[in-house]
Amino acid sequence: MKDFLINLLGRDSVLDSAMQLAPYREDYSEAEPVDPAVVAMVSETAQVQAIVRQAGKVGTAITPRVAGTNVGGLAIASPGGVILDLSRMNRIHELNETDMYAVIEPGVTQQQMKDYLAEREVPLTLGFSLAPPHTSVFANALLGGLTNRSLKYGDQTQWISGLEIVLSDGSLARTGSWALEGALPFAQVPFPALAGLFVGWAGTTGIATRMAFQLWPKHRLNRRLFILTYSAHGTFESVRRLVRREFCDDIGGLSWPSAKMMLGVKHPHPEPSPGEPTFIVYVDLTADIDEEMALKERMLNDVLKGMRKEGEQIEEPLDIKMLLKVNPAMSPFAEFPTDLEFLTNHGGGGLSWVGTYGPLSRFEAGIEAGTEIMVRHKFAPMIVARPMRGGHYGVLRFVETFDKEDQADVERVKLVNAELLHMCSKLGFVMYKTPSWAWEKMKSSIDPGMLGLMRNVKQTLDPHGIFNPGKLGL
Amino acid sequence: MALQPGSREGSTVSDSLEAPVVHIETPERMNLMGLLMRGLLEAALRDNRVRRRARRLRGDVRIVAGTMSVTLRFTKEQILLLANVTTPARATVRGEMKPLLEVVAGESLVRPVLSRKVRVGGNLLLLLRMLPLIRAPRAD
């Protein structure tokens with residue numbers, strides 16, 4: 001395979017020395033490091049097609065990868081496999097301002113897309129995930145991630161209006177409206193939504209090389225406000241009420257350890273200090289005219305006032321600009337995308353999570369149970385929760401930082417994650433960007449009909465078993 | 001807990017020998033208000049005039065923001081931040097987070113005190129002397 005890749009890509013685009021392969025062995029998480037046999041730095045779709053054809057012939061596994069910041073081992077190679085590094089495929093092929101979509105390649109990063117729109121003064125935005133600026137827009141969408149526009153528009157899979165896929169025989173297929181010659185990639189419908197064969201599959205059914213995705217209006221005014229709350233019920237009942245009023249662009253709840261880490265405490269004590277807020281709710285408001293913004297602020301205060309009348313302790317909203325004046329360490333939450341260095345630069349280098357989607361009605365139960373589990377395992381309960389798609393569901397995420405070099409710490413993360421997953425599953429939350437360990441644990445509880453269908457799809461789309469094997473635990 | 005060079009855990013010193021050290025005994029147990037104050041004090045102490053003023057302050061000043069309490073214990077060498085101390089302080093400032101942080105961010109103390117959104121008690125002269133230490137430096 002290596003000789004084939006060198007002939008195809010040139011020597012400089014094929015990495016095989018130990019030093020070159022080292023950054024590809026692992027991600028942030030506790031997932032077992034694996035040395036790929038070789039890394040192929042591709043820059044053209046035709047190269048991907050040729051590699052897939054060859055891999056099918058010789059039976060070599062291919063794992064697609066861009067930034068390597070996954071927290072579930074999804075972009076770690078199979079033993080003896082090839083990493084397909086897609087970071088050089090970073091072209092923005094099209095921006096349609098009127099119909100509000102862009103066509104991009106897998107290597108396009110959050111910051112690149114933001115700069116591209118800003119430089120052209122296009123009044124559109126994409127949502128940003130809580131991930132570093134150099135991470136891939138494309139990968140987040142394909143894996144079903146969310147962004148700071150997911151409250152209005154749902155997880156990013158729902159923004160994909162067209163996909164170009166390299167299939168197992170090396171041929172190309174387009175899904176969505178642009179499959180019709182001359183049609184723009186405005187939506188997945190009304191054709192059968194075949195993007196579903198590749199979205200949420202972690203690269204196990206084909207290699208996506210181009211994506212059309214929807215952009216959203218960017219408004220002239222924006223405010224980010226932080227609200228300190230003192231109980232899980234007060235936090236999430238406020239969130240549910242705010243969602244129903246439909247004036248917020250984003251709402252998120254961060255538990256107290258996140259704020260402490262941002263303020264320089266690398267390892268907060270698992271128990272909060274007396275009198276400390278339970279959650280910090282942040283609310284994004286946007287508007288085009290001052291009166292509209294003022295009205296939205298009034299609506300926000302109205303909801304909070306109602307909660308206080310019911311006995312909940314909830315502080316008045318604090319503007320992020322004021323907080324930055326008080327302490328610039330709050331800057332990671334001032335503007336997105338953000339590098340969240342406090343999560344990754346804590347000495348040990350490890351970052352893991354159980355991130356789930358589930359119903360807002362069960363957030364308090366999940367938070368109570370998750371906090372108990374994390375504290376028992378001596379982790380500060382770092383929790384991120386956000387409503388999505390108008391409140392029909394939301395993300396509930398439990399995050400741990402740990403020392404990757406300390407095996408006992410790694411084992412502790414595995415144990416706490418297994419327990420958190422079990423608890424979340426019992427409550428009806430489903431893990432997203434699902435690591436293979438989680439598939440294994442969930443398998444016995446997943447509808448056998450669906451699992452069988454998934455196996456059939458996988459077998460049909462990947463007859464040689466080359467696409468990111470082992471990641472779905474099928 | 002091992003500290004990294006330049007770590008914000010434990011004590012942090014500003015760049016002059018004259019500057020008192022801002023210290024939190026157990027940062028992992030300090031409340032959010034105390035952690036916010038640490039950054040604020042460190043930034044204020046970069047100013048020579050504030051440093052001189054800080055070195056002359058003595059005793060405990062308590063800031064109670066909502067249900068969080070942080071005590072600033074001034075000695076010649078350091079400003080020690082302590083959470084939830086109950087012994088009497090020489091001076092106190094109390095209020096909800098928003099009006100308190102607005103004062104810290106540079107707004108006048110007079111209006112929130114008159115409207116009782118911020119309440120002060122004890123040695124007011126000490127509070128006035130301390131005020132520049134807990135004001136965010138202007139971004140000149």
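Just so it is clear, the structure is predicted and the values come from calculations on it, not from any experiment. Note on naming: letters A, B, ... go to the chains in the order of the sequence lines (proteins, then strands), and numbering restarts at 1 for each one.
No more than 12 heavy atoms of other residues, nucleotides or ligands sit less than 6.0 Å from atom CD of A:E405. More than 12 heavy atoms of other residues, nucleotides or ligands sit less than 6.0 Å from atom CZ of A:R25. The local environment of CZ in A:R412 is crowded, with over 12 non-hydrogen atoms from other residues, nucleotides or ligands closer than 6.0 Å. The number of heavy-atom neighbours closer than 6.0 Å to NZ of A:K378, taken from other residues, nucleotides and ligands shown, is 12 or below. Remark: B:R111 CZ is loosely packed, at most 12 non-hydrogen atoms of other residues, nucleotides or ligands lying under 6.0 Å away. The environment of CD in A:E411 is crowded: more than 12 heavy-atom neighbours from other residues, nucleotides or ligands sit within 6.0 Å. Within a 6.0 Å sphere centred on CZ of B:R129, heavy atoms belonging to other residues, nucleotides or ligands number 12 at most. Few gaps surround NZ on A:K404; more than 12 heavy atoms of other groups in view lie less than 6.0 Å from it.
Shortest non-hydrogen contact noted between B:P27 and A:V265 is O-CG2, 3.6 Å. Residues B:T67 and A:G275 approach most closely at OG1-O, 2.6 Å, considering heavy atoms. Listed here is the closest heavy atom pair of B:A105 and A:M322: CB-CG, 3.7 Å.
Here the straight-line distance linking atom CE of B:M97 with atom CG of A:L318 works out to 6.0 Å at 0.5 Å rounding. For the atom pair A:D319 CG and B:E102 CD, the distance stands at 10.0 Å (nearest 0.5 Å). Rounding to the nearest 0.5 angstrom, the gap separating the CG atom in A:N327 from the CD atom in B:E42 is 8.5 Å. Annotation: the span from A:H269 atom NE2 to B:E28 atom CD amounts to 7.5 Å, rounded to 0.5 Å. Put simply, CD on B:E96 and CD1 on A:I314 are 12.0 Å apart, with the number rounded to the nearest 0.5 Å. The distance from the CD atom of A:E276 to the CE atom of B:M68 is 6.5 Å, given to the nearest 0.5 Å.
Taking chain A as the reference chain and counting heavy-atom pairs below 4.5 Å, the highest number among B:T26, B:L36, B:L32 is found for B:L32. Ranked by heavy-atom pairs shorter than 4.5 Å toward chain B, the options A:M261, A:E271, A:K325, A:M330 are led by A:K325. Counting heavy-atom pairs closer than 4.5 Å to chain B, the top-ranked of the candidates A:A259, A:P274, A:P257 is A:P274.
With a threshold of 4.5 angstrom between heavy atoms, A:E315 approaches chain B through side-chain atoms but not through N, CA, C or O. Of the atoms belonging to A:P317, it is backbone heavy atoms, and not side-chain ones, that fall under 4.5 Å from chain B. For B:N31, the parts sitting under 4.5 Å from any heavy atom of chain A are the backbone and the side chain alike. Residue contact with chain B, scored on non-hydrogen atoms closer than 4.5 Å, is absent for A:L324. With a 4.5 Å cut-off on non-hydrogen atoms, B:E107 does not touch chain A at all.
Between the A:K260 side chain and the B:M30 main chain, a donor and an acceptor come within less than 3.5 Å of each other.
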